[in-house]
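A quick write-up on the structure given underneath.
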Protein chains: 2
Amino acid sequence: MPNRKVVSFENLKVACKNCSLATLCLPVALEPDDVERLDSIVKRGRPFHRGDHLFREGDDFHSLRVITSGSVKTYSPSEDGSEQVLGFHLPGELIGLDAIQNERHSCSARALETTAVCEIPFDSLEELSSAMPSLQHQMYCLLSREIGQETEMLTLLGKKSAEERLATFLLSFSERFKKRGFSATDFFLSMSRHEIGNYLGLAVETVSRLFTRFQEEGLLKVERKHVQLLDLPRLNDIIHGIDSVRTSNQSRA
Amino acid sequence: MPNRKVVSFENLKVACKNCSLATLCLPVALEPDDVERLDSIVKRGRPFHRGDHLFREGDDFHSLRVITSGSVKTYSPSEDGSEQVLGFHLPGELIGLDAIQNERHSCSARALETTAVCEIPFDSLEELSSAMPSLQHQMYCLLSREIGQETEMLTLLGKKSAEERLATFLLSFSERFKKRGFSATDFFLSMSRHEIGNYLGLAVETVSRLFTRFQEEGLLKVERKHVQLLDLPRLNDIIHGIDSVRTSNQSRA
DNA sequence: CGTTTGTTTGAGCAACATCAATAATTGTGG
DNA sequence: CCACAATTATTGATGTTGCTCAAACAAACG
């Protein structure tokens, strides 16, 4: 098809200033000039396929990475072949922050689906942030937020029931999709039940049973990866330990 | 006693350059001149007593704090009065990093015993780190390390057995005391069993029973807060999931 | 189209929580 | 310094959540 415009990734001059993720990503709170300077150090490679590693535990650390499309899981592999899933990352989210300290990745990251990322060489970013107080501030904020999110996760794993964990998980994705302009109630989860369970500190079977139960209770509709949240308020109640099942048992018939 | 030298905290001109914690704290990797400049923004207040709050969730964030002596627990209070203990902090450790993002503390911190801290106004630190690349780098490293430590904690809470959790907890303190020049095998834990359990996602009773069992198995000697680790190798085995109990059951008589 | 991988469901079980009682320790006021 | 109250720790008995094991089923893949 000769008259169809060829769009190669090389030609696609995506720039931070045009990027729809700008409000979620590093450019937040930067002046246009500063965005331009940030843009100049960003590298955009070709996309990863499902299952590809963005990096592996032990790899030398050179760059932070921002997901621009698709999704990624980070995990920490154990000697015995098992792993701990550390997080699922959506467009606009920065990964690799844990690797700054010892210049080596302390976890692995793989694409859950076809995924594009921006690469930000950390050396350059450090230099730039030294010259650009607002960028430095943004970096401190991002790192701090990451810490805050992980402490929430500690509470989840330390104190919450299986039910509360899954509800928290689902509403977290709901909010994150919403922020990115997608539906807050109808989405596809790109990870397997196994990975969800691993992340939440639960067995696969428990996750599966909970999905079934939530569906029976009219909280959601689920078919494999496709999830539709039908009752956000009650899901919210569950997160906060309010046992809405007993309070309003709606099991049909 | 008129001829006894009066040592007030006002007069105690402790400086970073003389501080025994310098190798653990922010001054790591700074030139003497730079340490001097850092020193100039650090505030040293009077000590906190056991139970005093250094700050509370919701407080405005102004300063990071470094423990200089004593110990501190950070925790996230829930609506219902319960709490999640997020960490126990020893001299040289920096707290408040999670508050940078929204300029408000997202957790509370209280002294577990008489505790002294250095206060580092964050605005000044930001300015200084902008002018001092090595300090900026150090900050990035510290924040990154915090993230890394929390991901380890996620694995602990997500995957490990009660036994593994307590062993990990004990060896973590062992190493941290050692780094500070104290015994790695003989120390006092300043927190209660309840707080340990809370931190590790276990019930108080489970913690108590485990201490008893570890003692029966000759792994340690414990008398209230006083702990003596008798078999570091086996404790290490436990952490890595090797059931040393069955392998070398040493129950006396 | 068979093979592999992921999901669901059931049955039984184990680890750890909860409840309850006692004991030890610490703090407090006289 | 002692007596009493309050807190903290230990220990035992019982209960429950969620794990493990097992099997059937569905979907994805070459």
Side-chain angles (χ1 to χ4, degrees), chain A residues 49-51 73 80-85 110 112-114 156-169 188-216 220-227 238 241 243 245-246, chain B residues 49-52 73 80-85 110 112-114 156-167 169 188-216 220-227 238 241 243 245-246:
Chain A
H49 297 112
R50 176 183 167 76
K73 82 163 177 188
D80 60 359
S82 70
E83 61 184 48
Q84 169 69 43
V85 174
R110 47 171 32 191
L112 289 166
E113 59 194 309
T114 303
L156 184 125
L157 293 175
K159 295 272 171 307
K160 308 240 176 167
S161 68
E163 201 182 37
E164 292 169 312
R165 292 183 200 194
L166 187 63
T168 306
F169 173 81
F188 284 79
L189 294 172
S190 56
M191 71 296 296
S192 69
R193 299 284 189 271
H194 186 87
E195 288 165 323
I196 295 174
N198 186 311
Y199 177 61
L200 297 176
L202 299 172
V204 203
E205 296 93 328
T206 304
V207 174
S208 184
R209 275 185 253 270
L210 280 174
F211 268 120
T212 306
R213 235 183 69 203
F214 281 0
Q215 177 156 274
E216 284 168 0
L220 51 76
K221 198 164 169 315
V222 60
E223 203 196 340
R224 271 184 98 71
K225 314 240 164 198
H226 184 196
V227 178
I238 290 179
D243 193 338
V245 182
R246 254 164 271 281
Chain B
H49 298 113
R50 176 184 168 75
D52 289 348
K73 81 163 175 186
D80 62 357
S82 71
E83 61 184 50
Q84 169 70 44
V85 173
R110 48 172 30 192
L112 289 166
E113 60 193 306
T114 303
L156 183 127
L157 293 174
K159 296 271 172 309
K160 311 242 175 163
S161 69
E163 201 181 35
E164 291 169 314
R165 293 183 199 193
L166 187 63
F169 173 82
F188 284 79
L189 295 172
S190 55
M191 73 296 296
S192 69
R193 298 285 189 271
H194 186 88
E195 288 165 324
I196 296 173
N198 187 309
Y199 176 60
L200 298 176
L202 300 172
V204 203
E205 295 93 327
T206 305
V207 174
S208 187
R209 276 184 253 269
L210 281 173
F211 268 121
T212 306
R213 235 183 68 202
F214 281 0
Q215 178 157 276
E216 284 167 2
L220 50 75
K221 199 164 168 311
V222 59
E223 204 195 339
R224 267 185 104 68
K225 314 241 160 194
H226 185 196
V227 178
I238 290 179
D243 193 339
V245 181
R246 253 164 274 279

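The chains referred to below are lettered A, B, ... by the order of the sequence lines, with proteins before strands, and numbering in each begins at 1.
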L210(B) CG to dT11(D) P, straight-line distance once rounded to whole Å: 12 Å
Out of dA17(C), dT20(D), dA9(D), whichever nucleotide has its closest atom nearest the side chain of A203(A): dT20(D)
Atom pair distance, as rounded to whole Å: CZ in R209(A) and P in dT17(D): 14 Å
Under 3.5 Å donor-acceptor pair, E205(B) side-chain atoms to dC16(C) base atoms: no
Any donor-acceptor pair under 3.5 Å from R193(B) side chain to R224(B) backbone: yes
Contact under 4.0 Å: T212(B) side-chain N or O vs dT11(D) OP1/OP2: yes
Length of the line joining R213(A):CZ and dG18(D):P, which is rounded to integer Å: 9 Å
Side-chain donor/acceptor of R50(A) to backbone N/O of L112(A), under 3.5 Å: yes
Separation of atom NZ in K159(B) from atom C1' in dA15(C), rounded to whole Å: 16 Å
Sugar-phosphate only, base, or nothing, as touched by S208(A) at under 4.0 Å among non-hydrogen atoms: base
Candidate nucleotides dA17(C), dT8(D), dC19(D), ranked by approach to the side chain of L202(A) - the nearest: dC19(D)
Protein-nucleotide distance (M191(B), atom CE; dA9(D), atom C1'), rounded to Å: 16 Å
d(CZ, R224(B); P, dT7(D)) in whole Å: 14 Å
Touch class at under 4.0 angstrom, heavy-atom based, for G197(B) against every strand present: nothing
Residue met sooner reading DNA chain C from 5', once R50(B) and R50(A) are mapped to nucleotides: R50(A)
Considering all heavy atoms, the nearest I196(B)-M191(B) contact: CG1-CG, 3.5 Å
Separation of atom NE2 in H226(B) from atom C1' in dT26(C), rounded to whole Å: 19 Å
Salt bridge present between E83(A) and R110(A) (N-O < 4.0 angstrom): no
Atom pair distance, as rounded to whole Å: CD in E223(B) and C1' in dT25(C): 11 Å
Distance test, side-chain N/O of T206(A) to OP1/OP2 of dC19(D), below 4.0 Å: yes
Any donor-acceptor pair under 3.5 Å from K160(A) side chain to L166(A) backbone: no
